[in-house]
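Note that these values count all heavy atoms, side chains included, but never hydrogens, waters or copies made by symmetry. The model shown is predicted, which means the values in this text are computed figures rather than measured ones.
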Amino acid sequence: MASDDIAGSLFAFEYADIKLNGKPGLKKTKYSLTPFDRTLPVPYHRRAGRHEPILLTEKELPYWAATGEYRHRIPRKYPCDFTRKGDGEKLRRGELTKPVPKAEPPCAMAFRKRDNPPNSLFRKLYERGDLPIQVDHSTAKIALLWKTDVKKLDYHHYLPIFFEGIREKEDPYRFIAVKGSEDLLKTGQGKILACVPQLIIPIKTALNTRDPGVITIALQLLCKLVVSEELIGQSLVPYYRQLLPILNIFKNNVRNLGGHIDYGQQKKNCMGELVEKTLELFETHGGEDAFINIKYMVPTYESCVMG
(Lines give C-alpha, C1' and ligand atoms only; values in the text may rest on other atoms or scores of the structure.)
Protein backbone atom coordinates (compact mmCIF):
# COMPACT_ATOMS: atom_id res chain seq x y z
CA MET A 1 0.00 0.00 0.00
CA ALA A 2 1.30 3.43 -0.86
CA SER A 3 2.79 5.25 2.09
CA ASP A 4 1.13 8.54 1.08
CA ASP A 5 -2.38 7.05 1.04
CA ILE A 6 -3.67 8.27 4.38
CA ALA A 7 -7.20 6.88 4.05
CA GLY A 8 -6.05 3.51 2.71
CA SER A 9 -3.43 3.04 5.42
CA LEU A 10 -5.92 4.04 8.09
CA PHE A 11 -8.45 1.53 6.80
CA ALA A 12 -5.87 -1.28 6.54
CA PHE A 13 -4.37 -0.80 10.01
CA GLU A 14 -7.80 -0.55 11.62
CA TYR A 15 -8.93 -3.71 9.84
CA ALA A 16 -5.82 -5.54 11.06
CA ASP A 17 -6.31 -4.35 14.64
CA ILE A 18 -9.97 -5.38 14.80
CA LYS A 19 -10.17 -8.49 12.60
CA LEU A 20 -6.72 -9.99 13.09
CA ASN A 21 -5.56 -8.79 16.51
CA GLY A 22 -8.98 -8.84 18.15
CA LYS A 23 -8.91 -5.28 19.46
CA PRO A 24 -12.28 -3.66 20.22
CA GLY A 25 -13.64 -1.44 17.49
CA LEU A 26 -15.20 1.98 17.75
CA LYS A 27 -18.76 2.03 19.09
CA LYS A 28 -21.17 4.18 17.18
CA THR A 29 -22.87 7.01 18.99
CA LYS A 30 -26.56 6.88 19.72
CA TYR A 31 -27.12 9.55 17.07
CA SER A 32 -25.70 7.39 14.23
CA LEU A 33 -28.22 4.96 12.78
CA THR A 34 -27.89 2.49 9.91
CA PRO A 35 -26.14 3.54 6.67
CA PHE A 36 -29.55 4.02 5.08
CA ASP A 37 -30.84 6.43 7.73
CA ARG A 38 -29.81 9.94 8.59
CA THR A 39 -28.01 10.85 11.77
CA LEU A 40 -30.27 12.05 14.54
CA PRO A 41 -30.04 15.77 15.46
CA VAL A 42 -27.40 16.57 18.06
CA PRO A 43 -28.22 19.01 20.92
CA TYR A 44 -27.28 22.54 19.99
CA HIS A 45 -24.98 23.03 23.00
CA ARG A 46 -22.64 20.24 21.79
CA ARG A 47 -19.85 21.76 19.73
CA ALA A 48 -16.66 20.12 18.49
CA GLY A 49 -13.66 21.11 20.61
CA ARG A 50 -15.83 23.01 23.07
CA HIS A 51 -13.87 24.43 25.98
CA GLU A 52 -15.20 23.40 29.38
CA PRO A 53 -14.03 25.74 32.16
CA ILE A 54 -12.71 24.17 35.35
CA LEU A 55 -15.05 25.00 38.22
CA LEU A 56 -13.12 25.65 41.42
CA THR A 57 -14.38 26.38 44.89
CA GLU A 58 -13.00 29.19 47.01
CA LYS A 59 -10.87 26.76 48.99
CA GLU A 60 -9.21 25.47 45.81
CA LEU A 61 -8.20 28.91 44.55
CA PRO A 62 -4.66 30.16 45.36
CA TYR A 63 -4.20 33.05 47.76
CA TRP A 64 -1.58 35.79 48.13
CA ALA A 65 0.65 34.80 51.04
CA ALA A 66 2.63 37.14 53.27
CA THR A 67 5.85 35.92 51.63
CA GLY A 68 4.83 37.63 48.39
CA GLU A 69 3.83 34.56 46.37
CA TYR A 70 0.73 32.63 45.46
CA ARG A 71 0.09 29.49 47.45
CA HIS A 72 -2.55 26.82 47.38
CA ARG A 73 -4.48 26.29 50.57
CA ILE A 74 -3.63 23.35 52.80
CA PRO A 75 -6.45 21.79 54.81
CA ARG A 76 -6.46 22.99 58.38
CA LYS A 77 -4.90 20.59 60.85
CA TYR A 78 -6.59 19.59 64.06
CA PRO A 79 -5.08 17.99 67.20
CA CYS A 80 -6.19 14.56 66.03
CA ASP A 81 -4.09 14.95 62.87
CA PHE A 82 -0.80 15.01 64.78
CA THR A 83 1.06 11.97 66.04
CA ARG A 84 0.59 11.31 69.72
CA LYS A 85 2.28 9.13 72.27
CA GLY A 86 1.98 5.47 71.32
CA ASP A 87 1.27 6.12 67.62
CA GLY A 88 4.81 5.28 66.51
CA GLU A 89 4.36 1.57 67.20
CA LYS A 90 1.01 1.61 65.41
CA LEU A 91 2.57 3.28 62.39
CA ARG A 92 5.29 0.62 62.20
CA ARG A 93 2.69 -2.13 62.32
CA GLY A 94 0.63 -0.39 59.64
CA GLU A 95 -2.38 0.04 61.87
CA LEU A 96 -2.38 3.81 61.69
CA THR A 97 -1.98 5.89 58.53
CA LYS A 98 -2.00 9.66 58.56
CA PRO A 99 -3.53 11.34 55.50
CA VAL A 100 -1.07 13.60 53.72
CA PRO A 101 -2.65 16.97 52.87
CA LYS A 102 -2.39 17.89 49.21
CA ALA A 103 -1.49 21.48 48.37
CA GLU A 104 -1.31 21.20 44.60
CA PRO A 105 -3.05 23.16 41.86
CA PRO A 106 -5.90 21.38 40.07
CA CYS A 107 -5.12 19.40 36.94
CA ALA A 108 -5.47 21.49 33.78
CA MET A 109 -6.49 18.42 31.72
CA ALA A 110 -4.77 19.78 28.60
CA PHE A 111 -4.49 16.30 27.04
CA ARG A 112 -8.08 15.23 27.73
CA LYS A 113 -10.31 14.55 24.74
CA ARG A 114 -12.95 17.15 24.09
CA ASP A 115 -16.42 16.73 22.72
CA ASN A 116 -16.61 15.65 19.08
CA PRO A 117 -20.30 15.20 18.22
CA PRO A 118 -21.37 13.68 14.88
CA ASN A 119 -22.75 16.94 13.51
CA SER A 120 -20.25 17.93 10.82
CA LEU A 121 -21.46 19.57 7.63
CA PHE A 122 -19.79 16.81 5.62
CA ARG A 123 -21.94 14.13 7.26
CA LYS A 124 -25.10 16.13 6.62
CA LEU A 125 -24.34 16.69 2.93
CA TYR A 126 -23.20 13.11 2.37
CA GLU A 127 -26.37 11.66 3.88
CA ARG A 128 -28.41 14.07 1.79
CA GLY A 129 -26.65 12.99 -1.41
CA ASP A 130 -25.21 16.40 -2.30
CA LEU A 131 -21.61 15.22 -2.80
CA PRO A 132 -20.63 13.87 -6.25
CA ILE A 133 -18.88 10.76 -4.91
CA GLN A 134 -19.44 7.10 -4.24
CA VAL A 135 -17.27 4.33 -2.82
CA ASP A 136 -15.70 1.95 -5.34
CA HIS A 137 -15.62 -1.64 -4.03
CA SER A 138 -14.79 -3.27 -7.35
CA THR A 139 -11.03 -3.38 -6.79
CA ALA A 140 -8.82 -4.73 -4.02
CA LYS A 141 -7.98 -1.19 -2.94
CA ILE A 142 -10.98 0.84 -1.85
CA ALA A 143 -11.20 4.15 -3.69
CA LEU A 144 -13.66 6.91 -4.50
CA LEU A 145 -15.56 7.27 -7.75
CA TRP A 146 -16.17 10.90 -8.66
CA LYS A 147 -19.31 11.48 -10.68
CA THR A 148 -17.75 14.55 -12.27
CA ASP A 149 -14.23 15.54 -13.24
CA VAL A 150 -12.37 16.53 -10.08
CA LYS A 151 -10.52 19.34 -11.88
CA LYS A 152 -13.84 21.00 -12.76
CA LEU A 153 -15.18 21.10 -9.21
CA ASP A 154 -15.67 24.31 -7.29
CA TYR A 155 -12.85 24.06 -4.72
CA HIS A 156 -14.18 26.99 -2.70
CA HIS A 157 -17.28 24.92 -2.00
CA TYR A 158 -16.11 21.30 -1.77
CA LEU A 159 -12.60 21.46 -0.26
CA PRO A 160 -13.69 23.04 3.10
CA ILE A 161 -16.54 20.53 3.32
CA PHE A 162 -14.22 17.55 2.98
CA PHE A 163 -11.75 19.06 5.44
CA GLU A 164 -14.53 19.50 7.98
CA GLY A 165 -15.25 15.79 7.74
CA ILE A 166 -11.76 14.74 8.87
CA ARG A 167 -12.87 14.99 12.50
CA GLU A 168 -15.36 12.17 11.96
CA LYS A 169 -14.61 8.96 13.85
CA GLU A 170 -17.03 6.59 12.16
CA ASP A 171 -16.88 5.00 8.73
CA PRO A 172 -17.77 5.52 5.96
CA TYR A 173 -17.74 9.24 6.80
CA ARG A 174 -14.12 9.32 7.96
CA PHE A 175 -12.76 7.32 5.03
CA ILE A 176 -14.67 9.32 2.42
CA ALA A 177 -13.71 12.67 3.96
CA VAL A 178 -10.01 11.83 4.20
CA LYS A 179 -9.83 10.16 0.78
CA GLY A 180 -11.79 12.98 -0.84
CA SER A 181 -9.46 15.57 0.70
CA GLU A 182 -6.46 13.68 -0.66
CA ASP A 183 -7.94 13.49 -4.16
CA LEU A 184 -8.75 17.20 -4.16
CA LEU A 185 -5.26 18.14 -2.97
CA LYS A 186 -3.68 15.87 -5.57
CA THR A 187 -5.50 17.28 -8.60
CA GLY A 188 -6.15 20.86 -7.53
CA GLN A 189 -3.12 22.65 -8.90
CA GLY A 190 -3.84 26.38 -9.10
CA LYS A 191 -7.07 26.20 -7.05
CA ILE A 192 -5.92 25.30 -3.53
CA LEU A 193 -4.08 28.51 -2.63
CA ALA A 194 -7.23 30.63 -2.84
CA CYS A 195 -9.07 28.20 -0.51
CA VAL A 196 -6.52 28.27 2.33
CA PRO A 197 -8.42 30.84 4.50
CA GLN A 198 -11.53 28.63 4.33
CA LEU A 199 -9.59 25.58 5.55
CA ILE A 200 -8.33 27.14 8.79
CA ILE A 201 -11.54 26.74 10.80
CA PRO A 202 -12.10 23.04 9.87
CA ILE A 203 -8.46 22.21 10.66
CA LYS A 204 -8.56 24.16 13.92
CA THR A 205 -11.78 22.41 14.93
CA ALA A 206 -10.23 19.00 14.27
CA LEU A 207 -7.15 19.90 16.33
CA ASN A 208 -9.23 21.31 19.19
CA THR A 209 -10.92 17.95 19.73
CA ARG A 210 -7.57 16.80 21.18
CA ASP A 211 -8.40 13.29 20.04
CA PRO A 212 -5.17 11.51 18.99
CA GLY A 213 -6.96 9.69 16.16
CA VAL A 214 -8.29 12.96 14.74
CA ILE A 215 -5.13 15.01 15.29
CA THR A 216 -2.89 12.51 13.49
CA ILE A 217 -5.14 12.65 10.41
CA ALA A 218 -5.23 16.46 10.51
CA LEU A 219 -1.43 16.66 10.74
CA GLN A 220 -0.92 14.31 7.80
CA LEU A 221 -3.32 16.34 5.68
CA LEU A 222 -1.58 19.54 6.76
CA CYS A 223 1.69 18.11 5.45
CA LYS A 224 0.03 17.28 2.13
CA LEU A 225 -1.56 20.71 1.99
CA VAL A 226 1.78 22.50 2.42
CA VAL A 227 3.49 20.59 -0.42
CA SER A 228 0.47 20.47 -2.75
CA GLU A 229 1.16 23.88 -4.28
CA GLU A 230 3.69 26.67 -4.12
CA LEU A 231 3.21 29.60 -1.72
CA ILE A 232 0.75 27.65 0.46
CA GLY A 233 3.37 27.39 3.20
CA GLN A 234 3.80 31.16 3.17
CA SER A 235 0.04 31.72 3.15
CA LEU A 236 -0.28 29.67 6.36
CA VAL A 237 2.11 31.90 8.35
CA PRO A 238 -0.61 34.42 9.41
CA TYR A 239 -2.68 31.51 10.79
CA TYR A 240 -0.01 30.04 13.08
CA ARG A 241 -1.80 31.50 16.11
CA GLN A 242 -4.81 29.31 15.31
CA LEU A 243 -2.96 26.10 14.38
CA LEU A 244 0.18 25.88 16.50
CA PRO A 245 -1.12 26.06 20.14
CA ILE A 246 -2.37 22.46 19.97
CA LEU A 247 0.86 21.36 18.29
CA ASN A 248 2.79 22.92 21.17
CA ILE A 249 0.82 20.79 23.65
CA PHE A 250 1.49 17.48 21.88
CA LYS A 251 5.01 18.20 20.63
CA ASN A 252 6.67 16.03 23.29
CA ASN A 253 4.09 13.26 23.13
CA VAL A 254 6.61 10.56 22.20
CA ARG A 255 6.50 7.19 23.91
CA ASN A 256 9.71 5.93 25.51
CA LEU A 257 9.76 2.13 25.16
CA GLY A 258 13.41 1.67 26.05
CA GLY A 259 14.93 -0.98 23.79
CA HIS A 260 11.64 -2.06 22.22
CA ILE A 261 10.39 -1.09 18.77
CA ASP A 262 7.67 1.52 18.46
CA TYR A 263 5.42 0.60 15.53
CA GLY A 264 3.44 3.78 16.03
CA GLN A 265 5.74 5.57 13.59
CA GLN A 266 4.83 3.08 10.88
CA LYS A 267 1.13 3.46 11.60
CA LYS A 268 1.48 7.26 11.73
CA ASN A 269 0.00 7.51 15.24
CA CYS A 270 3.09 8.85 17.01
CA MET A 271 1.94 12.43 17.58
CA GLY A 272 5.33 13.79 18.60
CA GLU A 273 6.93 12.66 15.34
CA LEU A 274 4.05 14.03 13.26
CA VAL A 275 4.15 17.39 15.02
CA GLU A 276 7.90 17.66 14.45
CA LYS A 277 7.52 16.77 10.77
CA THR A 278 4.69 19.28 10.33
CA LEU A 279 6.67 22.10 11.93
CA GLU A 280 9.70 21.32 9.76
CA LEU A 281 7.55 21.51 6.61
CA PHE A 282 6.08 24.79 7.84
CA GLU A 283 9.56 26.23 8.27
CA THR A 284 10.90 24.87 4.97
CA HIS A 285 7.99 26.14 2.85
CA GLY A 286 6.98 29.15 4.93
CA GLY A 287 9.62 31.63 3.83
CA GLU A 288 11.91 33.80 5.91
CA ASP A 289 9.24 34.75 8.48
CA ALA A 290 8.19 31.17 9.25
CA PHE A 291 10.79 30.26 11.88
CA ILE A 292 10.34 33.33 14.08
CA ASN A 293 6.56 32.83 14.09
CA ILE A 294 6.88 29.10 14.84
CA LYS A 295 9.35 29.86 17.63
CA TYR A 296 6.90 32.35 19.15
CA MET A 297 4.12 29.74 19.37
CA VAL A 298 6.30 26.64 19.99
CA PRO A 299 9.29 27.83 22.09
CA THR A 300 10.94 24.39 22.20
CA TYR A 301 11.15 24.07 18.42
CA GLU A 302 14.64 24.08 16.89
CA SER A 303 15.29 25.09 13.30
CA CYS A 304 15.84 22.34 10.73
CA VAL A 305 17.28 24.69 8.12
CA MET A 306 21.06 24.95 8.11
CA GLY A 307 22.16 28.56 8.44
task = Please check if the distance between the ring centroids of F282 and Y240 is under 6.0 Å.
result =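 Centroid separation for F282 and Y240: below 6.0 Å.
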For atom [atom1] of [X], decide whether the heavy atoms of other residues, nucleotides or ligands shown that lie under 6.0 angstrom number more than 12.
X: K204; atom1: NZ; value: no
X: L145; atom1: CG; value: yes
X: K224; atom1: NZ; value: yes

inquiry  = In terms of relative ring orientation, are F162 and Y158 parallel, tilted or perpendicular, with 30° and 60° separating the classes?
reply    =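 Rings of F162 and Y158: tilted, as their planes differ by 30° to 60°.
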Any link between [X] and [Y] through a network of hydrophobic side chains (Ile, Leu, Val, Met, Phe, Trp, Tyr) touching at under 4.5 Å?
X: L125; Y: L40; value: no
X: L231; Y: I200; value: yes
X: I201; Y: L236; value: no

Among residues at least two apart in sequence or on other chains, which ones pass side-chain contact (heavy atoms from CB on, under 4.5 Å) with [X]?
X: D171; value: E14, R174, F175
X: P212; value: K113, M271
X: A206; value: I166, R167, V214, A218
X: F111; value: I249, F250

For [X] and [Y], which heavy atoms make the closest approach, and how far apart are they?
X: T278; Y: C223; answer: OG1-SG, 3.4 Å
X: L144; Y: G180; answer: CD1-N, 3.5 Å
X: D183; Y: W146; answer: OD2-NE1, 3.2 Å

Considering only heavy atoms from C-beta outward, does the side chain of [X] approach that of [Y] to under 4.5 Å?
X: S120; Y: T205; result: no
X: Y31; Y: P43; result: yes
X: K186; Y: S228; result: no
X: I203; Y: L221; result: no

Side-chain donor/acceptor pairs under 3.5 Å, residues 45-52, sequence neighbours excluded:
{"from": "R46", "atom 1": "NE", "to": "D115", "atom 2": "OD2", "distance (Å)": "3.0"}
{"from": "R46", "atom 1": "NH2", "to": "D115", "atom 2": "OD1", "distance (Å)": "2.7"}
{"from": "H51", "atom 1": "ND1", "to": "R114", "atom 2": "NH2", "distance (Å)": "3.3"}

inquiry  = Checking side chain to side chain contact (heavy atoms under 4.5 Å, CB included) between V275 and each of L219, T216, V298, which is the one that passes?
reply    =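 Going through L219, T216, V298 one by one, the side chain to side chain contact (heavy atoms under 4.5 Å, CB included) with V275 is satisfied by L219 alone.
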key: With L159, the side chain to side chain contact (heavy atoms under 4.5 Å, CB included) member among L153, V196, I192, D154   =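 Checked L153, V196, I192, D154 against L159; only one passes side chain to side chain contact (heavy atoms under 4.5 Å, CB included): I192.
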ask   = Quick check: does any side chain N or O of E229 sit under 3.5 Å from a backbone N or O of G190, one acting as donor and the other as acceptor?
value =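 Judged by distance alone, yes, a pair lies under 3.5 Å.
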message = Is it the case that the side chain of E164 and the backbone of L121 share a donor-acceptor pair, with hydrogens and angles ignored and the cut-off at 3.5 Å?
response =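 Indeed, once roles are kept as given, a pair shorter than 3.5 Å links the two residues.
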Test side-chain contact (heavy atoms from CB on, under 4.5 Å) applied to D211 and K169, step by step = CA-CA 10 Å; D211 189 333; K169 297 283 293 181; 3.3 Å; yes
message = Can you tell me which residue among R123, K28, K27 is in a salt bridge (charged side-chain N to carboxylate O under 4.0 Å, His left out) with E170?
response =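 For E170, the salt bridge (charged side-chain N to carboxylate O under 4.0 Å, His left out) test succeeds with only one of R123, K28, K27, which is R123.
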Verdict with reasoning, I246 to R210, per side-chain contact (heavy atoms from CB on, under 4.5 Å) = CA-CA 8 Å; I246 303 299; R210 307 197 182 187; 3.8 Å; yes
request  = Walk me through it: do V150 and Y155 pass the test side-chain contact (heavy atoms from CB on, under 4.5 Å)?
outcome  = CA-CA 9 Å; V150 182; Y155 270 61; 3.8 Å; yes
Using a 3.5 Å cut-off and no angle test, enumerate the donor-acceptor pairs between side-chain atoms of residues 286-295 and protein atoms at least two apart in sequence or in another chain.
{"from": "N293", "atom 1": "ND2", "to": "D289", "atom 2": "O", "distance (Å)": "2.4"}
{"from": "K295", "atom 1": "NZ", "to": "P299", "atom 2": "O", "distance (Å)": "2.9"}
{"from": "K295", "atom 1": "NZ", "to": "Y301", "atom 2": "O", "distance (Å)": "2.8"}

query = Are T39 and E127 linked by a side-chain donor-acceptor pair shorter than 3.5 Å?
reply =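 Yes, because at least one side-chain N or O of T39 sits under 3.5 Å from a partner of the opposite role on E127.
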ask   = Under the side-chain contact (heavy atoms from CB on, under 4.5 Å) criterion, do L279 and L244 qualify, and how do the steps go?
value = CA-CA 9 Å; L279 295 178; L244 297 190; 3.8 Å; yes
